[in-house]
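Nothing fancy with the numbering, it's 1 onward along the sequence.
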Amino acid sequence: MVGSSVRGEGTRPRVRRDGEPGWDDSPRDPGEAGGSGGDPHSGGRHRGGGDTAAPRRKRRVLRWSATVLAVLILGTAGTGYLYYEHLNGKIKKDDLNLGDTEIAKPKPNAAGQTPLNILLIGSDARDSKENQKLGGAKETFGATPLADVQMLLHVSADRSNMSVISMPRDTLVQIPKCTDPDNDKEYPASNGRAMTNQSLGHGGPGCTVATWQELTGIHIDHFMKIDFAGVVSMADAIGGVPVCVDANIHSLDSQGHGSGLKLREGKHPVKGKQALQWLRTRYGFEDGSDLARAKAQHQYMNSMVRELRENATVTNPNKLRKLAEKATEAITVDPGLDTVKKLYDLSNELRKVEPKRITMTTMPNRYVGARVEPTEDAEKLFRLVREDIALDGKDKKKETGTKVSKDPAAADGEIAVQIQNGTRTDTLGAANGRASTVTGLLMQKGFTRAAADTSVILSEDKTVVRYPSAELEGDAQAVAKSLGIPLSSVEKTTNVSGVTLVVGADWREGTAYKAPKEDDSTPESAEALNGADDKACMHVNPNFTWS
């Protein structure tokens, strides 16, 4: 089993350092020191004090469930223009991307369809009386929030399947420079790697989006952020979600740490506060790790989707109205989702995917001291999402969505091409002279304006040709065609200023390019769970059972 981001009673004991965020799933101790107060609300946006370290957090909860519930049924909650506007006024919005780097959008498939990527964020903010009651000690009210739950939801271009990737909260990443557009405050890039959950305090959820994009290379279309209260109210609205444990469980240790979840062996519907306990339980599930907690969260999500589809539980208008009120109060979204109509349209897209084509995964990771980092398997998982390959392995053979550009290419000798060496990998240094070698090949083929850029060494799995604007697409395709590079490896991105060929790790030697055959199977270390699996049952640690 892949290591995960845990402390306490897990298989690998760790030593807590003073001032670090807490790791257990219990409420905060009243005696804990609180962090500095965050900036006040401004324009519906929550801001934290970015210059002061956040207090230790001792309680984390998945908000993915509440988010999906809001998306699935929010649009049906009210009738009448005034009520519609009332709900719209409750929805908070924030900027989508606060970073400097733009990731190219996926290319449409042969039918003109594109994938949909949504980052789901659960913050630990205690910014209301209800959230404070659910979240812990009063000293933490208004402290800088952490993005302690992060899940990327990918819906395929043809809407036939959905993939979800959970990222452990203490994954070490490079947080990019982010600028808060409300006050132009600039948060510099992290000095080295930092825990991914700190990204939320660098200007808002748009910085978490920017961090994900830089790590994964996946273009993110939307984000949704939700709080404690949303989980409770939405779980109530659907009448409970069935979950399963293979023994009696009580998630509480001798020091009072734990969510307090108490269930008998077997399958039980959970709702309200008990649903919250299930989703944040770590003590008592398997080895007490975040990986085990993620598995429990995935079980809950799959079960909830099946309930909504099979039983149509939420039909009472009063319940729907209450759900709509709570959901709109609880969520923060980007401008692309800032109305009930937009959320309802999104729900229609999600409804197209059957549970049997939903795959839940956790980002493969390994320990780096007391933290974790993505593994090679994680990069493979990211690639599958980038290329819109179903994680359940049931894709039909897809037609390529790449077509020959309608804009004719210039004459070969007039096309300026920059060639860069991207052959460096995690285990191998860059192959010497590759940029110069490929430049020579292009010049022999008539591309006399080709030039090697030896000032940078990059890491690219595959050889790729990039271009910045539509009028250069034909030129970029001409360069690729001359070397036998498939058109699917020609990408539009604002990260280059002209046609740029990056020689990847798949072409470390030789003068003839051969596109490698890819292994498109989902890594076992991703702990995939199918959405139709109604037999899943969490294993209870014997130290947390009762009779």
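With no hydrogens or angles considered, no side-chain donor-acceptor pair links Thr375 and Asp377 at under 3.5 Å. For the residue pair Asn248/Thr545, the side-chain donor-acceptor check at 3.5 Å is not satisfied. Counted by atom type alone, Ser166 and Gln150 present zero donor-acceptor pairs between their side chains at under 3.5 Å.
The nearest pair of heavy atoms linking Phe223 to Val209 is CB-CG2, 3.9 Å. For the pair Asp94 and Pro205, the tightest heavy-atom approach, listed with the atom from each and the gap, is OD2-CD, 3.4 Å. Nearest heavy-atom pair, Val241 versus Ser303, reported as atom, atom and distance to 0.1 Å: CG1-OG, 3.6 Å. For Gly336 against Lys342, the heavy-atom pair with the smallest separation is O-CD, 3.2 Å. Contact record, Arg371 with Asp170: CB-O, 3.7 Å, taken as the closest heavy-atom pair. Closest approach of Pro523 and Lys380 over heavy atoms only: CG-CD, 3.9 Å.
Using a cut-off of 4.0 Å between Lys/Arg side-chain N and Asp/Glu carboxylate O, Arg386 and Glu379 are scored as salt-bridged. Salt bridge present: Glu373 and Arg193 bring a charged side-chain N and a carboxylate O closer than 4.0 Å.
Taking NE2 of His202 as the reference point, atom NZ of Lys185 lies at 9.5 Å (rounded to 0.5 Å). The distance from the CE atom of Met151 to the CD1 atom of Ile118 is 13.5 Å, given to the nearest 0.5 Å. In this structure, Thr281 OG1 and Tyr300 OH are separated by 12.0 Å, a value rounded to the nearest 0.5 Å. Between the CG atom of Asn161 and the CD1 atom of Ile389 there is a distance of 10.5 Å, given to the nearest 0.5 Å. Rounded to the nearest 0.5 angstrom, Asp388 CG and Ser156 OG are separated by 5.5 Å. Put simply, CE on Met301 and CD1 on Ile358 are 8.5 Å apart, with the number rounded to the nearest 0.5 Å.
Note: Tyr283 and His257 have tilted aromatic rings, judged against thresholds of 30 and 60 degrees for the angle between ring planes.
In this structure, the side chains of Asp253 and Phe544 come closer than 4.5 Å at one or more pairs of heavy atoms. At least one side-chain heavy atom of Leu215 sits under 4.5 Å from a side-chain heavy atom of Pro374. Contact check for Arg366 versus Val372: no side-chain heavy atoms found under the 4.5 Å cut-off. Here the side chains of Val155 and Leu153 are in contact, with some heavy-atom distance below 4.5 Å. Put simply, the side chain of His298 reaches to within 4.5 Å of the side chain of Thr362, judged on heavy atoms. For the pair Asp180/Asn183, a side-chain contact is recorded, criterion being any heavy-atom separation below 4.5 Å from C-beta on. Side chains of Val385 and Asn117 form a contact here, defined as non-hydrogen atoms less than 4.5 Å apart. Annotation: side chain of Met360 is not in contact with side chain of Glu527 (no heavy-atom distance under 4.5 Å).
A side-chain donor-acceptor contact under 3.5 Å links Thr211 to the backbone of Cys207. Under the 3.5 Å distance criterion, the side-chain polar atoms of Thr171 are left unmatched by any main-chain donor or acceptor of Met167. Proximity of a side-chain donor or acceptor of Glu214 to a complementary backbone N or O of Ile175 within less than 3.5 Å is not detected. Judged by distance alone, the side chain of Asn541 and the main-chain N or O of Asp287 form no donor-acceptor pair under 3.5 Å. A donor-acceptor pair under 3.5 Å is absent between the side-chain atoms of Asp338 and the main chain of Lys93, judged by distance alone. At least one donor-acceptor pair under 3.5 Å links the side chain of Asn88 to the backbone N or O of Val340. With hydrogens and angles ignored, the 3.5 Å screen pairs a side-chain donor or acceptor of Lys92 with a backbone N or O of Glu329. A donor-acceptor distance shorter than 3.5 angstrom exists from the side chain of Arg306 to the backbone of Gly531, with no hydrogens or angles considered. Proximity of a side-chain donor or acceptor of Gln198 to a complementary backbone N or O of Leu146 within less than 3.5 Å is not detected. Although no hydrogens or angles enter the test, the distance criterion places no donor-acceptor pair under 3.5 Å between the side chain of Thr216 and the main chain of Phe382.
Partners of Pro106 by side chain to side chain contact (heavy atoms under 4.5 Å, CB included), not counting sequence neighbours, listed by chain and number: Pro115, His219. Checked against side chain to side chain contact (heavy atoms under 4.5 Å, CB included), Ala296 has the following partners two or more places apart in sequence or in another chain: Trp278, Phe285, Met538.
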For a side chain to side chain contact (heavy atoms under 4.5 Å, CB included) check, start with the C-alpha distance between His222 and Val333, then their side-chain angles and the critical distance, and finish with the verdict. CA-CA 8 Å; His222 302 291; Val333 297; over 6 Å; no

Decide yes or no on side chain to side chain contact (heavy atoms under 4.5 Å, CB included) for Gln277 and Ser251, but give the supporting numbers first. CA-CA 9 Å; Gln277 290 173 330; Ser251 179; over 6 Å; no

Derivation of the side chain to side chain contact (heavy atoms under 4.5 Å, CB included) call for Asp95 and Asp334: CA-CA 6 Å; Asp95 291 82; Asp334 67 274; over 6 Å; no

Test side chain to side chain contact (heavy atoms under 4.5 Å, CB included) applied to Gln213 and Asn97, step by step: CA-CA 9 Å; Gln213 289 197 153; Asn97 185 359; 3.3 Å; yes

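The only member of Leu343, Thr339, Leu337, Thr332 that meets side chain to side chain contact (heavy atoms under 4.5 Å, CB included) when paired with Ile91 is Leu343. Evaluated for a side chain to side chain contact (heavy atoms under 4.5 Å, CB included) with Thr361, the options Leu381, Val164, Leu529 yield exactly one hit, Leu381.
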Under 3.5 Å, which donor-acceptor pairs do the side chains of residues 260-267 form with other protein atoms, sequence neighbours left out?
unit_1	atom_1	unit_2	atom_2	d
Lys267	NZ	Asp534	O	3.2

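Counting non-hydrogen atoms of neighbouring residues, nucleotides and ligands closer than 6.0 angstrom, the CD atom of Gln174 exceeds 12 such neighbours.
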